[in-house]
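Data first, discussion second: the structure below is written as structure tokens.
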Amino acid sequence: MDSRRFAYLKALDIDVWERRNLDDPEVVAPMAVEAAPSASLAPAVEPNVTQGLDWTGLERAIKTCTLCPLHASRTQGVFGVGNRQARWMIIGEAPGAEEDRQGEPFVGRAGQLLNSMLKAIGLAREDVFIANILKSRPPNNRDPRPEEVRACIPYLFRQIELVNPRLLLCVGRIAAQTLLDTDTTIGKLRGRVHHIVSGRPMIVTYHPAYLLRSPAEKRKVWTDLVLAMNTFERLGAEARPS
Ligand code: SF4
């Protein structure tokens, strides 16, 4: 482990340990549980709203979208940010107040912590593509409603198609339960490899905003990130996205 990563993990208040050979069953086997492919979350509303859209058309559609009532209270649609050819894609829940103001997902303290999590595994924010399930902020940061998710999820699926990432990292309970179409707790969704959107592997972990409230869980997140790295490397990809 290089000194920068060591320092970073210490800064995250995560126990630092040396990563061993990926073939070591003690490292990989307990966490590399393959989940049965989940039922895909079929876009139930406006299924063709994103069909054939390129990046420009998709961004325009999101910025001007009025498909659900959230458009009336948002400052702006929050499209997503990062490398549009990324091999890792980070998926969160919905814009918060600061994201709504700035028009970018994962800013503020939670965004900084996400950056730290990425840095801990050798990725910069610019290496990945970051998006949310909902593109408009729910008032008072309430949970997304099913009809809002149904209206908005085609945008995310189109983003996944366009980015074509090798791995999805899903952060937070809402995003995980939505994408896996389940009520299972995030504690039970962690620690296994899920597959969504044409069998793409997805790892679930806690949302940085939750970690700010529950810093003791950062150690679990490191375990999730190691699983994500191991899964990515098993795909035969390079450790760092181009
Ligand atoms: S949340 Fe999604 S579906 Fe609703 S208005 Fe915003 S972009 Fe449109």
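In each ligand, atom 1 is the first atom listed, and ligand 1 is the first ligand listed.
- Every atom of ligand 1 with a heavy atom of C65 under 4.0 Å away is listed here by number and element: 3 (S), 5 (S), 7 (S), 8 (Fe).
- The shortest distance between side-chain heavy atoms of W55 and V163 falls below 4.5 Å.
- C68 SG, 2.3 Å is the protein heavy atom nearest to atom 4 (Fe) of ligand 1.
- With a 4.0 Å cut-off on non-hydrogen atoms, E148 does not touch ligand 1 at all.
- For ligand 1, the atoms sitting less than 4.0 Å from at least one non-hydrogen atom of C152 are 1 (S), 2 (Fe), 3 (S), 7 (S), numbered in the order shown with element in parentheses.
- The shortest side-chain heavy-atom distance between I203 and L225 does not fall under the 4.5 Å cut-off.
- Among protein heavy atoms, atom 6 (Fe) of ligand 1 sits closest to S136 OG, 2.2 Å.
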Next item on the list: Decide side-chain contact (heavy atoms from CB on, under 4.5 Å) for H194 and L189; before the verdict, give the C-alpha distance in whole Å, the side-chain angles of both, and the deciding distance to 0.1 Å.
Entry: CA-CA 9 Å; H194 304 275; L189 295 175; 4.0 Å; yes
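- Each of I153, V149, V197 was checked for a side-chain contact (heavy atoms from CB on, under 4.5 Å) with L179, and the lone residue meeting it is I153.
- A salt bridge (Lys or Arg N to Asp or Glu O under 4.0 Å) with E59 holds for exactly one of R84, R158, K135; it is R84.
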